[in-house]
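Atoms within each ligand, like the ligands themselves, are counted from 1 in listed order. Quantities reported herein were computed from a predicted structural model and do not represent experimental measurements.
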Amino acid sequence: MNEASPTVGQLLAAAGIDPFEARLLLAHALGLTRVQLITRSHEQPAAGQVQAVRDLFARRRAGEPVAYLLGHREFHGLLLRVTPDVLIPRPETELLVDLASERIGNQAWRVLDLGTGSGAIAIALAHLHPAAQVFAVDLSAPALAIARENAVANGVKVEFAEGSWYGPLAGMQFDIIVSNPPYICAGDPHLAQGDLRFEPVQALTDQADGLDALRMIVSGAPAHLAPGGYLLMEHGYDQAGAVRALLAHAGFGNVESWRDLAGIERVSGGRLNTRP
Ligand code: GLN
């Protein structure tokens, strides 16, 4: 005998995951708003929809990130498509966007985002600064496909290039370079926890001490920055001192770190000293 077809409310009650996440996934699978989940909680979705909802709940119980299950994540007020080919944009990365944005203002700057992933930083900056010319690089072709889609969906122009860090940028100079590179060190237990288990490993760790990518970005920056240009990078909770030292060593002045909303030094940067 078939079990009685469950109502919207019964599906929600049986989700077995965080209730907020359950409502997001249920609304997504049923094509309802979260208000409709309440007003229509006694309705019985079709069998196919019930199965789709149960599958999503099961995948979430197995740890898959909500952003991948929904296929999107909001970042700096923009909706971005995300798949397992790209890192899920984090709220703390909005600090990097804000710091870059303060410096760009209404100037027609050339802006570079290294390791763009979903395109989050580049697209947010292009959206905030229509006069700027935004470039973005990533090693991953599948990530760039998502980033390109996100730029179009958000109505901004970003020039994307495939390659390793400055590889595709021979002879090009920028007024500001930003990056949220892989900075988790190999063997960090966080890599085996939560959402990170499902994210592209090359977006998370350099498979070394966590500073490899940051070193490459800093050491290559002087050749690709206009005099007085800025470099701003996101990094790990315990890396600010090391990143400031890298910047100072590479000839940057005004070297500073900024704290995220959790009070952690999360972004460091500096300004390339103009030659006398
Ligand atoms: N901030 C991410 C985390 O710790 C890592 C992202 C990165 O390595 N750039 O989950």
May I ask you to decide if H76's main-chain N or O and E94's side chain share a donor-acceptor pair within less than 3.5 Å? yes
Does S5 offer a backbone N or O that forms a donor-acceptor pair with the side chain of Q44 under 3.5 Å? yes
Sub-4.0 Å heavy-atom contact, G115 with ligand 1: no
Measuring centre to centre across the rings, with the benzene-like ring taken for any Trp, is Y68 within less than 6.0 Å of F198? no
Relative to the heavy atoms of P181, which atoms of ligand 1 are at a distance of less than 4.0 Å? 7 (C), 8 (O), 9 (N)
Any idea which atoms of ligand 1 are less than 4.0 Å away from a heavy-atom of A203? 7 (C), 8 (O), 9 (N)
Are L70 and I146 connected in a single hydrophobic cluster, I mean Ile/Leu/Val/Met/Phe/Trp/Tyr linked by side-chain heavy atoms less than 4.5 Å apart? no
Ion pair E256/R103, N-O distance below 4.0 Å: no
Please answer whether the main-chain N or O of L139 pairs with a side-chain N or O of S164 as donor and acceptor at a distance below 3.5 Å. no
Within-4.5 Å side-chain heavy-atom neighbours: P6 and V50: yes
Please work out whether any backbone atom (N, CA, C, O) or any side-chain heavy atom from C-beta onward of E234 is under 4.0 Å from ligand 1, and answer side chain, backbone, both or neither. side chain
Once you restrict to heavy atoms under 4.0 Å, what part of L196 touches ligand 1? Side chain, backbone, both or neither. side chain
Closest protein heavy atom (residue, atom, distance) for atom 1 (N) of ligand 1: Y183 OH, 2.7 Å
N180 neighbourhood, listing ligand 1 atoms whose heavy-atom distance to it stays under 4.0 Å: 7 (C), 9 (N)
Within the structure, does L87 bring an N/O atom to less than 3.5 angstrom of an N/O atom in ligand 1? no
Please report which non-hydrogen protein atom sits nearest to atom 4 (O) of ligand 1, along with the residue it belongs to and the distance in Å to one decimal place. I184 CD1, 3.9 Å
Any carboxylate oxygen within less than 4.0 angstrom of a Lys/Arg side-chain nitrogen, looking at R215 and D209? yes
Atom 10 (O) of ligand 1: the protein heavy-atom neighbour that sits closest, reported with distance to 0.1 Å: R90 NH2, 2.8 Å
Atom indices of ligand 1, in the order listed, that fall short of 4.0 Å to a heavy atom of L204: 8 (O)
